[in-house]
Amino acid sequence: MVGDFKTRVDWLRREIRRHDYLYYTRNQPEIGDQQYDEIFAELKALEAQHPEIVTPDSPTQRVAGRPLKEFAAVRHTIPMLSVDNTYNADELQAFDERVRKQLDTTDYDYVVEHKIDGLAVSLRYADGVLVTGATRGDGEVGDDVTANIRTIKSIPLRLVDGGPCVEGVPPSKRGQDARDTAIPSVLEVRGEVYMPTKSFVELNKARAEAGETAFANPRNAAAGSLKLLDPQITKTRNLAFFAYGVGEVSKPLAQDHFQALRRLEDLGLPVNPHAPKARDIAEVIEICQSWSDRRSQLKYQIDGMVIKVNRYDQRDILGATGRSPRWCIAYKYPAERAQTVVESIAVQVGKTGALTPVANLRAVPLAGTTVRRASLHNFDEMRRLDVREGDTVLIEKAGEIIPQVVEVKTEFRPAGAEPFPVPVRCPNCGTEVVKDEAGVYVRCPNPDCFGMLKERLRYFAGRDQMDIERLGVALIEQLIDSGMVKTFADLYRLKKEDLTSLERMGEKSAQNVLDGIEASKTRPLWRFIAALGIRHVGGQSAEVLAEHFGSLDAIVNAGQDELEAVDQVGPVIAESIYQYFRTPRHRAVIDDLLAAGVRPQPPAPKKRTGGLHGKTVVVTGALKGFSRQQAEQAVREAGGKVSGSVSKKTHYVLAGEDPGSKLQKAQELGVQVIDEERFNQILAGKE
Ligand code: IVH
């Protein structure tokens, strides 16, 4: 292996780790996405040329391999205990009294942390390299979710002493001179995998639009995402992580928890910055109460605080009872609830035809907003809760975001309130409904149902899809109700007089709407793909597809295997796309749109990073890092042409060992001869 090449690969890996850390852990990026993409692409290209140098801890290896059939079991070397709960200041005082009595001193302090609403995992690092990521399971045995854990960008695949941020200067800057800073050969990091609120809201929105059940709270969303068998999907879920403790360690990190957290930070792990020490229980209570009102400002959901005795020697004295330690307690915030009345139950038809019951509520303030509606999710759930029109109900904001009905106060039920019937016919078009495969959803099977069409059109025109300005929900309804629009393509055939014939539509507004529709004809290809409403395909997957295939035709005709081979497209997404384009009516929708003048714009061709564009290269002799075939492929991938014989038109002769007559010919003709090292430089775009 050429020395410089290896140096470059090492440097690229260090840089990428450092930028991942700055971006995902410190929230202080130093470079933009494009620069990051460039160094990442360079590393990928170099590793593709030399597959033998790929190591599991390389940043390119976060997602690797095929989906799993099932998770292997992992026995925790040190059990993952649970924590007892308290709900008020008195219970915290009682906890502190027990601690004081057992330690027989008042000389102890606490660390007070956010109780993140996610799921506990254990990350095992051997000689600084992540080897296993496991869920808590029953505390003794969990699931091996390593492949999914690796997709979480804030979790380092390799620990770096001093942190990947500023080498030699630990971020905590609290190092003691005599401290032994070597990374323990075995280090199990315990912490919480969670889904930031923004990602949770977006995921649920996308799921609702795809006709899938929403996650009730960020914990379920995080758990559901970490337990997927396909890491490609987990990768799209934007999970994050906070380290809050250790399991097995070959050498203690520190004498107390606070210092151990600093050491974890120094090793490049994300540690929640809100974890102060508290001198006594009064201070603990103050901190807990202070977060009660402010927690909605955080970027993640917390359901309480966790209070931990700081010193490890004192923890040993306190020990554990049953399944939870005596040195730790949780303080849980009450879920915010409100009581109100279900004024009516409505049935909505989604864009995939799923019928969803929705409770229209008497307006009630809850956790900062006025709530007027609550989803009942599906008819099974409605029946389980037995919600009826006129019922008094308790509503709760799941993860403080989506209001949902959690309990029916049957004692207040008005006489004569009957269970709400599961519809047998679609409320919009009257077609008889069908139950889906899982038996949970009731669907309208009529592809021309105008309720479904309204939702589809709303989605099609939406900001994240075709982005048609001024085509709002009310206008879409008018257009459908008047019979002017029955398909996506009908939008593009609208004339000014059609629009002005609608109520409250003047000349000027009509022109604005037409301009908005016209402008959407040349939206980027990815928007067009996203707008079709293919199940499981949101904006992100659409972008990946457009980028990969480059044209609508190529996507429409791609085989299932080809689709699956695309980065971030797992088997479920691939199957859904494949089936979509095999359905004649879907092909007709696309043909109709194209006939109506829609011209999705393919992505701009990728800038060539390799510098062989338009160059002819002859390869001769034995190369160290490439077989002949690999070298020729690398030339082609970098935009060059391969030739078997040297002529005046040859730009480079790549000469390895024992090159033979071609080298001689090159020298005679004055053609540039390059060695392997220079070839790598050119491929990496260095020349
Ligand atoms: S410490 C023995 N710290 O809460 C101590 N747990 O109810 C083990 N959690 O299973 C846990 N944030 O999933 C700890 N800062 C934090 C936490 C935390 C969230 C979760 C964790 C644990 C559960 C206990």
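All residue numbers refer to positions in the sequence shown, counting from 1. The structure displayed is predicted, hence computed values, not measured ones. Order of appearance sets the numbers: ligands from 1, and atoms from 1 within every ligand. Below, all heavy atoms of this structure are taken into account, side chains as well, without hydrogens, waters or symmetry copies.
From Tyr108, atom OH reaches atom CD1 of Ile281 across 7.5 Å, with rounding to the nearest 0.5 Å.
Residue, atom and distance of the protein heavy atom nearest to atom 10 (O) of ligand 1 are Ala120 CB, 3.9 Å. Regarding atom 12 (N) of ligand 1, its nearest protein heavy-atom neighbour is Ile116 N, 3.0 Å. In terms of protein heavy-atom proximity, atom 15 (N) of ligand 1 is nearest to Glu113 OE1, 2.8 Å. The protein non-hydrogen atom at the shortest distance from atom 14 (C) of ligand 1 is Tyr244 CE1, 3.4 Å. At the shortest separation from atom 5 (C) of ligand 1 among protein heavy atoms lies Val83 CG2, 3.8 Å.
In this structure, Arg17 is not positioned above the aromatic face of Tyr21 in the sense of NZ or CZ being under 6.0 Å from the six-membered ring centre and within 45° of the axis.
If you look at Lys308 next to ligand 1, the close heavy atoms, those under 4.0 Å, all belong to the side chain. Residue contacts with ligand 1 for Lys115 involve both N, CA, C or O and side-chain atoms from C-beta outward (heavy atoms, distance under 4.0 Å).
Polar contact check, Arg136 against ligand 1: no nitrogen or oxygen pair lies under 3.5 Å apart. Of the polar atoms of Val306, none of the N or O atoms is found under 3.5 Å from an N or O of ligand 1, judged by distance alone. An N or O contact shorter than 3.5 Å is missing between Asn85 and ligand 1 by distance. Any N or O atom pair closer than 3.5 Å counts here, and Ser82 shares no such pair with ligand 1. Taking only nitrogen or oxygen atoms, main chain and side chain alike, Trp327 does not reach within less than 3.5 Å of ligand 1.
Inspection of the His114 and Glu192 side chains reveals no N or O donor paired with an N or O acceptor under 3.5 Å.
Set against the non-hydrogen atoms of His114, the atoms of ligand 1 under 4.0 Å away are 12 (N), 15 (N), 16 (C), 17 (C). Counting the atoms of ligand 1 from 1 in the order shown, those under 4.0 Å from a heavy atom of Glu192 are 9 (N), 13 (O), 19 (C), 20 (C), 21 (C).
When all heavy atoms of Ala330 and Val83 are compared, the closest pair comes out as N-CG1, 3.4 Å. The shortest heavy-atom contact between Ala243 and Leu261 is O-CD2, 4.1 Å. Of all heavy-atom pairs between Pro156 and Pro270, the closest is CD-CD, 4.4 Å. Here the closest non-hydrogen pair linking Asp84 and Ser324 is OD1-OG, 3.1 Å.
The pair Arg124-Glu248 counts as a salt bridge, with a side-chain nitrogen and a carboxylate oxygen less than 4.0 angstrom apart.
Within the structure, the closest approach of Pro325 to ligand 1 falls below 4.0 Å when heavy atoms are considered.
No more than 12 heavy atoms of other residues, nucleotides or ligands sit less than 6.0 Å from atom CD of Gln255.
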Query - From CA spacing to verdict: side-chain contact (heavy atoms from CB on, under 4.5 Å), Arg13, Thr55 - result: CA-CA 11 Å; Arg13 288 181 183 161; Thr55 50; 3.4 Å; yes
